[in-house]
**Q** 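Below is the structure I would like to discuss, written out as structure tokens.
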Amino acid sequence: MKYFVEEGSVVREIWGKADTILFIFAGASAEFALNKAVDWLYFTGKLPSDPLERLFSTVDYARQIVFSEYHDALRAIDVITAIHRGVEEKRGAQIPDSAYRDVLFMLIDYSVRSFEVLERKLTGTEKAEIFEVFYQVGARMGIRGLPENYENWEIMRAEHLHKNLVASTFTADLFQQYRKHLGVSRYLLLKEVQALVVPREVRKMLKLGRIPFLLPVLAGYKLARIFNVAAGFRNIILPKAYKTRILNLDLQPAEAY
């Protein structure tokens, strides 16, 4: 059976762990708030009304692509494309290709950054592998202007960070929604994780700083995983309403799909 992402791929390792996925979307949630095209995410009202539900919806599609048989993954990508086309029709305008690229670039970048914070440094070959998977997603969606390889992606990613980010009223509102839905303590923890994984440009614009207390906590968490007690620690900090769904992200591919 042919899979969209080969068995044994580092992409499966990254997207098969709840911890890594949560770090990916912590970073993406910060950058989303600064993106010049964030108004598209506000158009349907789903993001500000329930940002956590939007996160899980995105995670479900991403994991379905990563762990599915090749043609099933293509169908999932086509569904995503159709959803976006429907939003465009309702608004009477097209989502800029740069906005599509921004989201794709976030998935690549935060996959790398989150795994390296939680696990280990990735090799050049592994980074290229992550790029190739999401490049294929973007190509299937018909996104124009994609870089051809990881090296070109690094150049374009730097350009996007320089040109496509702005602090706006949407930025402030989205962070208010994060605080509302997470509660104060989890919201502060979210900002700590964001400070660890986002690029310098994002950290500076959001004034995240580098509050040091999470570094020893992270070191302790890594140690706890060695002794199989990390899940208990994670359960304490998870939002109760989403605890089961987050824990299910640790399911093996065969169990999940």
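Both backbone and side-chain heavy atoms feed into the values below; hydrogens, waters and symmetry mates do not. The structure displayed is predicted, hence computed values, not measured ones.
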**Q** Which label fits Trp153 and Phe105: parallel for a plane angle under 30°, tilted from 30 to 60°, or perpendicular past 60°?
**A**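 Trp153 vs Phe105 ring planes: perpendicular.
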
**Q** Specify the closest pair of heavy atoms between Ser111 and Ile14, including all atoms of both residues, with the distance to one decimal.
**A**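 That would be O-CD1, 3.9 Å.
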
**Q** Side chains of residues 71-85: which donor-acceptor partners sit under 3.5 Å, not counting sequence neighbours?
**A**
unit_1, atom_1, unit_2, atom_2, d
Asp72, OD1, Arg75, NH2, 2.1
Asp78, OD1, Arg140, NE, 3.0
Asp78, OD2, Arg140, NH2, 2.8
Thr81, OG1, Ile77, O, 3.0
His84, ND1, Ile80, O, 2.8
Arg85, NH1, Glu88, OE1, 3.4
Arg85, NH1, Tyr100, OH, 3.1

**Q** May I ask you to test the Glu159-Ile155 pair for a side-chain heavy-atom distance under 4.5 Å?
**A**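 A side-chain contact under 4.5 Å exists here.
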
**Q** Are the side chains of Phe115 and Arg120 in contact, using a 4.5 Å heavy-atom criterion?
**A** yes

**Q** Contact between Glu69 and Phe4 at the side-chain level, heavy atoms closer than 4.5 Å - yes or no?
**A** no

**Q** Any idea which heavy atoms bring Lys191 and Leu208 closest together, and the distance?
**A**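 Lys191 and Leu208 have their closest heavy atoms at CE-CD2, 3.9 Å.
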
**Q** Salt bridge check: are Glu31 and Arg113 linked by an N-O gap of less than 4.0 Å?
**A** no

**Q** Please determine whether side-chain contact (heavy atoms from CB on, under 4.5 Å) holds for the pair Glu132 and Val11, giving the CA-CA distance in whole Å, both sets of side-chain angles, and the decisive distance to 0.1 Å.
**A** CA-CA 10 Å; Glu132 182 61 27; Val11 179; over 6 Å; no

**Q** Atom CZ in Arg203, atom CG in Leu196: separation rounded to 0.5 Å?
**A** 9.0 Å

**Q** Verify the neighbour count for atom CD of Glu13: are there more than 12 heavy atoms of other residues, nucleotides or ligands below 6.0 Å?
**A** yes

**Q** With heavy-atom distances below 4.5 Å as the criterion, would you say the side chains of Val137 and Tyr61 are in contact?
**A**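 Side chain of Val137 against side chain of Tyr61, heavy atoms only: no contact under 4.5 Å found.
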
**Q** Without hydrogens or angle criteria, can the side chains of Glu119 and Thr20 be said to hold a donor-acceptor pair below 3.5 Å?
**A**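 Not at all, the side chains of Glu119 and Thr20 share no donor-acceptor pair under 3.5 Å.
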
**Q** Working to the nearest 0.5 angstrom, can you tell me the gap between Ile95 CD1 and Ile143 CD1?
**A**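 Spacing of CD1 (Ile95) from CD1 (Ile143) equals 10.0 Å.
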
**Q** How long is the straight-line distance from CG of Leu165 back to NZ of Lys204, given to the nearest 0.5 Å?
**A**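 The NZ atom of Lys204 sits 12.5 Å away from the CG atom of Leu165.
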
**Q** Determine yes or no for a side-chain-to-main-chain donor-acceptor pair under 3.5 angstrom, with Tyr187 supplying the side chain and Gln177 the backbone.
**A**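 No.
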
**Q** Which pair of non-hydrogen atoms, one from Asn164 and one from Ser98, has the smallest distance, and what is that distance?
**A**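 Shortest heavy-atom separation between Asn164 and Ser98 comes out as ND2-CB, 4.1 Å.
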
**Q** Does some side-chain heavy atom of Leu190 sit less than 4.5 Å from a side-chain heavy atom of Gln194?
**A**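 They are in contact (side-chain heavy atoms under 4.5 Å apart), so the answer is yes.
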
**Q** Between Val197 and Tyr110, which heavy-atom pair has the shortest distance, and what is it?
**A** O-CE2, 3.7 Å

**Q** Any carboxylate oxygen within less than 4.0 angstrom of a Lys/Arg side-chain nitrogen, looking at Asp97 and Arg101?
**A**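 Salt bridge between Asp97 and Arg101, a charged N being under 4.0 Å from a carboxylate O: no.
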
**Q** With a 4.5 Å cut-off on side-chain heavy-atom distances among I, L, V, M, F, W and Y, is there a chain of contacts connecting Val166 to Phe175?
**A** no

**Q** Run through Ile108, Asn149, Leu146 and flag the one making a side-chain contact (heavy atoms from CB on, under 4.5 Å) with Tyr135.
**A**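 Exactly one candidate clears the test, Leu146.
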
**Q** Is the shortest side-chain heavy-atom distance between Lys180 and Gln176 below 4.5 Å?
**A** no

**Q** Please confirm whether the backbone N or O of Val10 pairs with a side-chain atom of Glu126, one donor and one acceptor, at under 3.5 Å?
**A** no

**Q** Do Arg12's NZ or CZ and the ring of Tyr3 fall within the cation-pi criteria of under 6.0 Å and 45°?
**A** yes

**Q** Determine whether a donor-acceptor pair (N or O, by modelled atom type, separation under 3.5 Å) exists between the side chain of Ser68 and the backbone of Ile65.
**A**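 A pair under 3.5 Å: no.
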
**Q** With a 4.5 Å heavy-atom cut-off, do Ile130 and Leu122 have their side chains touching?
**A** yes

**Q** To the nearest 0.5 Å, what is the distance between CG (Leu104) and CZ (Arg157)?
**A**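 One finds 10.5 Å between CG of Leu104 and CZ of Arg157.
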
**Q** So, for Ile24 and Ser114, which heavy atoms are closest and what is the spacing to 0.1 Å?
**A**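 Result for this residue pair: N-OG, 3.1 Å.
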
**Q** For the residue pair Val184 and Arg179, what are the closest heavy atoms and their distance?
**A** CG2-NH2, 3.6 Å

**Q** Distance from Glu192 atom CD to Arg186 atom CZ, nearest 0.5 Å?
**A**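 So the CD of Glu192 and the CZ of Arg186 are separated by 16.0 Å.
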
**Q** If you measure from CD on Glu154 to CG on Asp109, what distance do you get to the nearest 0.5 Å?
**A** 9.0 Å

**Q** Counting distance only, does the side-chain N/O of Lys163 pair as donor-acceptor with the main-chain N or O of Ala158 below 3.5 Å?
**A**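 Not at all, since once roles are kept as given, no pair shorter than 3.5 Å links the two residues.
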
**Q** Would Lys127 count as a cation-pi partner of Tyr150, with NZ or CZ less than 6.0 Å from the six-membered ring centre and within 45° of the ring normal?
**A**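 Judged by the rule (NZ or CZ under 6.0 Å from the ring centre, within 45° of its axis), Lys127 is not positioned above Tyr150.
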
